[in-house]
Amino acid sequence: GQQLNQSPQSMFIQEGEDVSMNCTSSSIFNTWLWYKQDPGEGPVLLIALYKAGELTSNGRLTAQFGITRKDSFLNISASIPSDVGIYFCAGQLDNNDMRFGAGTRLTVKP
Amino acid sequence: DVKVTQSSRYLVKRTGEKVFLECVQDMDHENMFWYRQDPGLGLRLIYFSYDVKMKEKGDIPEGYSVSREKKERFSLILESASTNQTSMYLCASSLRTSGSFVTQYFGPGTRLTVL
């Protein structure tokens with residue numbers, strides 16, 4: 001199946017810093033999604049992007065659906081300790097076909 | 001709120017044992033999914049089901065089977081557990097629509113260790 005390349009694999013930042021992570025694919029997707037997984041929990045949807053070029057915000061989070069439909073990025077502004085977790089990108093072709101990136105593990109130092 | 005529950009958070013089994021992982025959702029979703037999550041590999045789809053008694057193979061079905069006898073319940077079965085099946089297993093569910101996106105809701109996961 002299609003592979004999603006997510007980078008970076010991990011990030012160690014100070015509280016208050018901004019964070020950026022991205023996801024690329026060799027294939028196009030109809031929807032791009034960003035999930036966060038807290039330790040010991042399942043992933044929770046943060047942002048969904050439905051069309052190429054779309055820029056969507058959810059509080060301090062901003063994500064964009066690339067023009068080529070093969071990439072997406074997620075930015076977190078002014079990070080706080082509770083931002084710690086693993087962030088996954090996912091590309092969705094249809095209702096049953098969703099591909100995940102390997103995840104970006106974020107550590108925020110107070 | 002959608003709730004997806006998994007029968008165990010942590011499970012330790014021995015090689016060769018038959019293992020059942022249970023997942024229940026309370027929102028009348030048609031679709032249910034089983035993923036495994038491994039470091040550096042993200043989530044990989046094992047099986048999914050879009051209706052009772054229906055199942056489709058995902059990307060890594062080998063060594064696994066599933067059962068969906070009731071709409072709210074989707075079971076993952078390891079017929080003969082092996083050490084390379086040590087992993088975090090995540091169940092998810094979603095509505096079934098044609099063409100448009102619907103979110104998948106995840107359970108908390110079952111961390112399985114096979115000794």
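In what follows, every heavy atom counts, from backbone to side chain, and hydrogens, waters and symmetry copies are set aside. Protein chains get the first letters and strands the later ones, always in sequence-line order, with residue 1 at the start of each.
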What distance do B:Ser94 atom OG and A:Gln92 atom CD have between them, rounded to the nearest 0.5 Å? 7.5 Å
Distance (rounded to the nearest 0.5 Å) between B:Phe48 CZ and A:Met98 CE: 12.0 Å
Hydrophobic cluster membership, with links at side-chain heavy-atom distances under 4.5 Å among I/L/V/M/F/W/Y: are [X] and [Y] in one?
X        : Y       : answer
A:Tyr35  : B:Met88 : yes
B:Leu45  : B:Phe74 : no
B:Tyr35  : B:Tyr64 : no
B:Phe106 : B:Met32 : no
B:Phe33  : B:Tyr47 : no

Which atoms of B:Arg44 come close to chain A, meaning under 4.5 Å heavy atom to heavy atom: side chain ones, backbone ones, both, or neither? neither
Proximal component of B:Leu90, with respect to chain A [non-hydrogen, under 4.5 Å]: side chain
Heavy atoms of B:Gly40 and A:Ala102 approach each other most closely as O-CB, 3.3 Å
Closest heavy-atom pair and its distance - A:Phe88, B:Gln37: CZ-NE2, 3.0 Å
If the contact rule is any heavy atom under 4.5 Å from chain B, which residues of residues 36-44 of chain A qualify, in numerical order? A:Gln37, A:Gly40, A:Glu41, A:Gly42, A:Pro43
Which atom pairs, donor and acceptor, lie under 3.5 Å between side-chain atoms of residues 12-22 of chain A and protein residues at least two apart or in another chain?
| from | atom 1 | to | atom 2 | distance (Å) |
| --- | --- | --- | --- | --- |
| A:Asp18 | OD1 | A:Ala78 | N | 2.8 |
| A:Ser20 | OG | A:Asn75 | OD1 | 2.8 |

Using a side-chain heavy atom cutoff under 4.5 Å and only I, L, V, M, F, W and Y, what cluster partners does B:Ile77 have? B:Phe20
Residue pairs passing the disulfide bond (SG atoms under 2.5 Å apart) test with at least one member in residues 32-62 of chain A, sequence neighbours excluded, are none
